[in-house]
Amino acid sequence: MPGALDGLTIVEMAGIGPGPFAAMMLADHGARVIRVEKPGARGLPKDILNRSREIIELDIKSDDDIETLRKLIKSADGIIEGFRPGVMERLGLGPDDLLKDNPRLVYGRMTGWGQTGPYAPYAGHDINYIALSGALHSYGRSGDKPTPPVNAVGDFGGGGMMMAFGMLAGILSAQKTGQGQVIDCAMTDGSAILSALTYSFLASGMWRDERGVNLLDTGAHFYDTYETADGRYVSIGSIEPQFYAELRKYAGLEDDAGFDAQMDPQSWEPLKQKLTDLFRTKTRDEWCAIMEHKDICFAPVLSLNEAPDHPHNKERETYIDVDGVVQPAPAPRFSRTPAPKPRMS
């Protein structure tokens with residue numbers, strides 16, 4: 001059965017990180033994605049981000065290959081590119097040129113800083129983009145330096161997913177109006193909008209503009225990870241009163257009056273120390289036996305190797321094996337047009 005995006009054609013100019021991730025999401029759900037690579041280019045030997053693609057090799061310094069590429073794009077719904085501003089224009093592949101060839105084209109531009117602004121011409125990586133947007137400032141422990149959450153927030157959440165959304169929104173508009181457009185997808189913008197709730201708390205006087213002292217940034221004792229007796233970890237997210245009551249019940253803390261002051265920030269640090277000492281008395285599996293399948297908001301912290309084998313992930317087939325490579329399955333799930341099984345390109 002074809003996926004939800006069957007019938008769409010996207011041309012992807014080969015790159016790394018967020019562009020390929022956006023293209024992967026589109027390909028996962030049935031779009032025909034044609035990845036244009038330099039002749040002889042070699043990436044990771046088992047690159048999940050490049051799955052389910054057609055690959056063609058073109059030398060974009062060759063006039064003949066540029067002409068071949070323009071003909072390909074002329075019949076496509078969209079193009080995704082991740083070069084610095086101005087590069088595609090110098091190749092004769094800028095939006096003005098390609099929209100003349102194909103007025104319905106959606107032209108996705110994936111960059112860190114965006115197409116405009118003082119930083120736009122310069123290099124950067126995820127850590128820099130989320131630093132400038134303000135997001136990185138919130139990640140880390142109290143009194144410690146900012147800690148980037150690998151490259152999930154800039155490259156993938158604020159970059160690739162925003163690009164996939166932008167491409168589909170642009171294509172829907174083009175289908176209604178007959179007019180394509182340019183999608184300026186900047187990871188600074190994307191990581192900023194991912195902080196919308198944090199800014200809501202800040203504006204409401206419910207967030208201090210520092211790390212590790214707030215409700216959702218490990219400041220609270222009921223929203224944190226804890227080491228267990230075997231050196232592993234569990235996660236607790238018992239925010240609501242009913243879930244907090246369950247935490248106290250199964251942790252044996254119902255009679256400790258100190259835990260009555262759940263939302264008093266002055267109590268968080270001493271109560272966190274009590275929980276730290278408590279969780280170190282049992283192994284992770286022992287705590288799972290006590291707290292799993294309860295309304296505590298609890299889960300074990302699984303490693304990359306452990307996660308695919310957890311019963312919940314196995315039942316839902318959250319991870320799949322494609323040609324011997326264990327990898328995340330396409331998401332989200334569609335009831336009528338489920339994603340085709342990915343293939344390694």
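Below, each value reflects all heavy atoms present in this structure, side chains not excepted, and no hydrogens, waters or symmetry copies.
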**Message:** Test of understanding: clusters of I, L, V, M, F, W, Y form through side-chain heavy atoms closer than 4.5 Å, transitively. Do L197 and L215 belong to the same one?
**Reply:** yes

**Asked** Do I34 and I55 sit in the same hydrophobic cluster, where Ile, Leu, Val, Met, Phe, Trp and Tyr count as joined when their side-chain heavy atoms come under 4.5 Å apart?
**Response** no

**Item:** Donor-acceptor contact present, side-chain R284 to main-chain V301, <3.5 Å
**Value:** yes

**Message:** Treating R211 as the side-chain partner and D144 as the backbone partner, does any N or O pair qualify as donor plus acceptor under 3.5 Å?
**Reply:** yes

**Prompt:** Can you hop from V33 to F21 via hydrophobic side chains spaced under 4.5 Å?
**Reply:** no

**Prompt:** Any donor and acceptor pair, going by atom type alone, linking the side chain of Y107 with main-chain N or O of L99 inside 3.5 Å?
**Reply:** no

**Request:** Start with the C-alpha gap between V87 and E81, add the side-chain angles, then the distance that decides, and say whether side chain to side chain contact (heavy atoms under 4.5 Å, CB included) holds.
**Result:** CA-CA 10 Å; V87 171; E81 62 94 1; over 6 Å; no

**Message:** I need the L26 CG to E12 CD distance, nearest 0.5 Å.
**Reply:** 9.5 Å

**Asked** What are the two closest heavy atoms between S345 and S52, and how far apart are they?
**Response** OG-N, 3.4 Å

**Prompt:** Is any side-chain N of the basic residue among K38 and D65 closer than 4.0 Å to the acidic one's carboxylate O?
**Reply:** no

**Message:** Quick check: do Y223 and I239 have side-chain heavy atoms less than 4.5 Å from each other?
**Reply:** yes

**Request:** Taking S191 for its side chain and G154 for its backbone only, find out whether a donor-acceptor pair lies under 3.5 Å.
**Result:** no

**Asked** Who else is in L304's hydrophobic cluster (ILVMFWY, side-chain heavy atoms under 4.5 Å, direct or via others)?
**Response** none

**Salt-bridge contact R35-E54 (side-chain N to carboxylate O under 4.0 Å)** = no

**Item:** Donor-acceptor under 3.5 Å (H125 side chain, I127 main chain)
**Value:** no

**Request:** Check whether any side-chain N or O of S195 sits under 3.5 Å from a backbone N or O of T198 as a donor-acceptor pair, and report yes or no.
**Result:** no

**Asked** Which heavy atom of D309 sits nearest a heavy atom of K314, and at what distance?
**Response** O-CD, 3.2 Å

**Request:** Please name the residue in the list K71, K74, R70 that meets the side chain to side chain donor-acceptor pair (under 3.5 Å) test with D101.
**Result:** R70

**Prompt:** More than 12 foreign heavy atoms under 6.0 Å from CD of E317: is that the case here?
**Reply:** no

**Message:** Check whether E240 reaches the backbone of Q242 with its side chain - one donor and one acceptor, N or O, closer than 3.5 Å.
**Reply:** no

**Prompt:** Is a side-chain N or O of S267 found less than 3.5 angstrom from the main chain of A261, in a donor-acceptor match?
**Reply:** yes

**Asked** What class does the angle between the rings of F222 and W268 fall in, given that below 30° is parallel, 30 to 60° is tilted and above 60° is perpendicular?
**Response** perpendicular

**Message:** Can you give me the closest heavy-atom contact between C185 and G159, atom names plus distance?
**Reply:** SG-O, 3.6 Å

**Request:** Find out whether T68 and I56 are in side-chain contact, i.e. whether some heavy atom of one side chain is under 4.5 Å from a heavy atom of the other.
**Result:** no

**Request:** Supply the atom-to-atom distance N214 CG to F201 CZ, rounded to the nearest 0.5 angstrom.
**Result:** 9.0 Å

**Request:** Determine whether the aromatic ring centres of Y122 and W113 lie less than 6.0 Å apart.
**Result:** no

**Message:** Tell me whether Y119 at atom OH has more than 12 heavy atoms from other residues, nucleotides or ligands lying less than 6.0 Å away.
**Reply:** no

**Prompt:** Is the closest side-chain heavy-atom distance between W287 and T281 below 4.5 Å?
**Reply:** yes

**I130 and L194: CA distance, side-chain angles, deciding distance, side chain to side chain contact (heavy atoms under 4.5 Å, CB included) verdict** = CA-CA 10 Å; I130 69 174; L194 292 177; over 6 Å; no

**Request:** Grab the two heavy atoms, one from D77 and one from G7, that are nearest each other, plus how far apart they are.
**Result:** OD2-O, 3.8 Å

**Prompt:** So does D264 have more than 12 non-hydrogen atoms from other groups sitting under 6.0 Å from CG?
**Reply:** yes

**Item:** Over 12 foreign heavy atoms within 6.0 Å of CZ, F334
**Value:** yes

**Request:** Could you please spell out the steps behind the side chain to side chain contact (heavy atoms under 4.5 Å, CB included) verdict for C288 and F298?
**Result:** CA-CA 8 Å; C288 285; F298 165 92; 4.0 Å; yes

**Item:** Sub-4.5 Å side-chain heavy-atom contact between I79 and M13
**Value:** yes

**Asked** Sub-3.5 Å donor-acceptor pair from the side chain of R248 to the main-chain atoms of L253, do we have one?
**Response** yes

**Complete:** M110 and G160 have their tightest heavy-atom pair at SD-N, 4.3 Å

**Item:** Any side-chain heavy-atom pair of P300 and E292 under 4.5 Å
**Value:** yes

**Asked** If you measure from the Lys or Arg side-chain nitrogens to the Asp or Glu carboxylate oxygens, is any gap between R51 and D323 under 4.0 Å?
**Response** no

**Asked** Looking only at heavy atoms, which two atoms of A307 and L302 are closest? And how far apart?
**Response** CA-CD1, 3.9 Å

**Message:** I want to check something: taking the side chain as every heavy atom from C-beta on, are I183 and I80 in contact at a cut-off of under 4.5 Å?
**Reply:** no

**Asked** Do NZ/NE/NH1/NH2 and the carboxylate oxygens of E37 and R53 come within less than 4.0 Å?
**Response** no

**Message:** Would F83 and I60 count as a side chain to side chain contact (heavy atoms under 4.5 Å, CB included) here? Give the steps.
**Reply:** CA-CA 13 Å; F83 297 111; I60 57 176; 4.3 Å; yes

**Asked** Ring centroid separation for Y226 and H221, is it under 6.0 angstrom?
**Response** no

**Message:** Can you tell me how far apart CD1 (I320) and NZ (K341) are? Round to the nearest 0.5 Å.
**Reply:** 6.5 Å

**Fill in**
The side-chain contact (heavy atoms from CB on, under 4.5 Å) partner of I73 among D97, I10, L105 is L105

**Message:** How long is the straight-line distance from CZ of R316 back to CZ of R333, given to the nearest 0.5 Å?
**Reply:** 4.5 Å

**Message:** Do T218 and R141 make a side-chain contact, defined as non-hydrogen atoms from C-beta onward lying under 4.5 Å apart?
**Reply:** yes

**From F156 atom CZ to M161 atom CE, the distance as rounded to the nearest 0.5 Å** = 10.0 Å

**Fill in**
One should read off an interatomic distance between L271 CG and Q266 CD, to the nearest 0.5 angstrom, of 11.5 Å

**Item:** Pair K249-D295, salt bridge (Lys or Arg N to Asp or Glu O under 4.0 Å): steps then yes or no
**Value:** CA-CA 11 Å; K249 175 182 176 181; D295 276 338; over 6 Å; no

**Side-chain heavy-atom pair F259, L275 within 4.5 angstrom cut-off** = yes

**Asked** Is I290 reachable from I296 through a run of hydrophobic residues whose side-chain heavy atoms are each under 4.5 Å from the next?
**Response** yes

**Item:** N102 side-chain N/O to A76 backbone N/O, donor-acceptor pair under 3.5 Å
**Value:** yes

**Message:** Taking V153 as the starting point, is it possible to reach L132 by hopping between hydrophobic residues whose side chains are less than 4.5 Å apart?
**Reply:** no

